[in-house]
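Here's the structure we're looking at; comments come further down.
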Amino acid sequence: MIGPADDFLIHQTPDPVRFVGTSDRRFYDRHFLTGHSRDGSTFFLLGMGAYPNLGVIDAFASVATRTTQYTTRASRELGTDRLDTSAVGPFTLEVIEGLRRLRFRGEPRGQTVELDLEWQAVAAPVEEPPLFSRLLGRVVEQGTRLIQTGTWNGFLTVDGSRLEVGPDTWWGARDRSWGVRSMGMEREPAGLAQARRLGRDRPPLWIWSPMQFEGRTVHFSLSEHADGRREIETVRQAPSLADGGEALELGVPEHELKFDPGTRELLGGSVSFRDVDGSRTTVALTPLHPGAYLRAGTGYGGPDPWRHGAYRGHNWVDSVSFDLTDPAVTIGIGPAHMLCRMEASTGEVGYGTFETQVYGDFPRYGLYS
């Protein structure tokens, strides 16, 4: 299956570019982006992913106002051209300049979300530690992920209302990842792992936050067991966009958070870390928005049946909406990406998504299943 990408000097295996280095059906290659107005009125999530071993490419745009989250999603057959990220229903993602500028468009198709937005990087990317785990000898997760912050410019139309978007007041981040992962994919048939409930000892607390300040970006990532053991504890300062180079390791992350005991959504609190000069910096978190829910029809799970990589025919597009004022709805699609104002003890003020999930029991915060 030779395609246009084979003319570029980018091969990683002896096969054509259309074929990836594993036959695992869960192999994916995905863009995920967040954006928000700094006044907290609007928060959006965008994504596009290719699933070469499933022959599918899909995309979504999900916009949360203070009362409703609207999601338009689409899917088509991948075909032979891995470079073609256009016409996924109404959506097209264009890499204008690698690691610097992207354009995400959603043309009018009678759906609830339309947009034409350009993302401009303000910091160089931060590469997270490599992902790798096995279960019963099989690779469960293996991949690469980079985090990068930037600004947005263009327009966004939500349920007929147009919003003008400009870089001074609309910020955001992107999560660019690829590899093998089950998250959001269609479930595989039950087997030994499910029957014996193997691999369920995942850390109940997860924190992921690109913190975007005026002068720098700090990425805070942590996963912690109820007894305090940690599997991930990464805090890195992004290199400047001009200089590039390696991210600075900050480290020693700590957290003092407040949760709603019913919904488990973040009410506030703080995180801290060792800063560049060796001193400890504390960042106070003030939620500005009810939240944007990753499971509100975007393919990551929840009550909606659509999952990433699912075959929906040659050209499928659909929209759904969720009432964010109804606790019964938000519990079903929770937890939320929480847009926060981030005030550091250094005097810096930033903004960004603070993704926090608490599964099962976490006695430190009074949360029990």
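All values reported here derive from a predicted model rather than from experimental measurement.
A salt bridge does not link E231 with R229: none of the charged nitrogens is closer than 4.0 Å to a carboxylate oxygen. Salt bridge E224/R230: present, at least one basic N to carboxylate O contact under 4.0 Å. A salt bridge links D175 with R145; the closest basic N to acidic carboxylate O contact falls under 4.0 Å.
Every residue meeting the side chain to side chain contact (heavy atoms under 4.5 Å, CB included) condition with V252, not counting sequence neighbours, appears here in chain and number order: R274, R280. Qualifying ring pair (Phe, Tyr, Trp, His ring centres under 6.0 Å) partners for H219, counting only residues two or more places apart in sequence or in other chains: W208. When the side-chain hydrogen bond (donor to acceptor under 3.5 Å, both in side chains) test is applied to T325, the partners found at least two apart in sequence or on another chain are D323. E249 is linked by a salt bridge (charged side-chain N to carboxylate O under 4.0 Å, His left out) to R236, counting only residues two or more places apart in sequence or in another chain. Residues that satisfy the ring pair (Phe, Tyr, Trp, His ring centres under 6.0 Å) test with H255, not counting sequence neighbours, are Y365. Judged as a side-chain hydrogen bond (donor to acceptor under 3.5 Å, both in side chains), and not counting sequence neighbours, the contacts of S279 are D277. Legend: residues meeting side-chain hydrogen bond (donor to acceptor under 3.5 Å, both in side chains) with Q148, ordered by chain and number and at least two apart, are R174. For T169, the side chain to side chain contact (heavy atoms under 4.5 Å, CB included) criterion is met by no residue, not counting sequence neighbours.
Distance alone, capped at 3.5 Å, is enough to place a donor-acceptor pair between the R76 side chain and the A87 backbone. Of the possible donor and acceptor atoms, one in the side chain of D6 sits under 3.5 Å from a partner among the backbone N and O of G3. Distance alone, capped at 3.5 Å, is enough to place a donor-acceptor pair between the S223 side chain and the I232 backbone. Although no hydrogens or angles enter the test, the distance criterion places a donor-acceptor pair under 3.5 Å between the side chain of S209 and the main chain of T353. Side-chain N or O atoms of R18 include one that pairs as donor or acceptor with a backbone N or O of G79 at under 3.5 Å. With R30 contributing its side chain and R176 its backbone, the two residues share no donor-acceptor pair below 3.5 Å.
Using modelled atom types, one finds a donor on one side chain and an acceptor on the other under 3.5 Å when comparing Q111 with S319. When only modelled atom types and interatomic distance are considered, T346 and E348 share a side-chain donor-acceptor pair under 3.5 Å. Side chain to side chain, S62 and Q69 meet the donor-acceptor criterion of an N or O pair below 3.5 Å.
Note on ring orientation: taking the six-membered ring where Trp is involved, the planes of Y351 and W171 are perpendicular (angle over 60°, cut-offs 30° and 60°). Below 30°, between 30° and 60°, or above 60°: for F60 and F32 the angle between ring planes is between 30° and 60°, a tilted geometry. Classified by interplanar angle (parallel below 30°, tilted 30° to 60°, perpendicular above 60°), the ring pair F43/H337 is perpendicular.
For the residue pair P52 and R82, the shortest heavy atom distance occurs at CG-NH1, 3.6 Å. Closest approach of T356 to P335, counting heavy atoms only: O-CB, 3.7 Å. The minimum heavy-atom distance between N53 and F27, with the atom names listed, is ND2-CB, 4.0 Å. Taking each heavy atom of T42 and V63 in turn, the nearest pair found is CG2-CG1, 3.6 Å. Counting all heavy atoms, side chain and backbone alike, I333 lies closest to A296 at CD1-CB, 4.0 Å.
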Stepwise ring pair (Phe, Tyr, Trp, His ring centres under 6.0 Å) check, W316 with H314:
CA-CA 7 Å; W316 171 80; H314 179 65; over 10 Å; no
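The line from NE2 of H36 to SG of C340 is 10.0 Å long, rounded to the nearest 0.5 Å. Atoms CG and CG, from L163 and L156 in turn, are 5.5 Å apart once rounded to the nearest 0.5 Å. The CG atom of L267 sits 8.5 Å away from the NZ atom of K258 when rounded to the nearest 0.5 Å.
Residue pairs meeting the salt bridge (charged side-chain N to carboxylate O under 4.0 Å, His left out) criterion with at least one member in residues 359-369, sequence neighbours excluded: E256-R364. Within the structure, salt bridge (charged side-chain N to carboxylate O under 4.0 Å, His left out) pairs that include any residue of residues 33-52 comprise R38-E214 (at least two apart or interchain). Within the structure, side-chain hydrogen bond (donor to acceptor under 3.5 Å, both in side chains) contacts touching residues 281-294 (residues at least two apart or in different chains) are E265-Y293, D275-T281.
Annotation for I96: hydrophobic cluster partners, listed by chain and number, are none (ILVMFWY side-chain heavy atoms under 4.5 Å, direct or chained).
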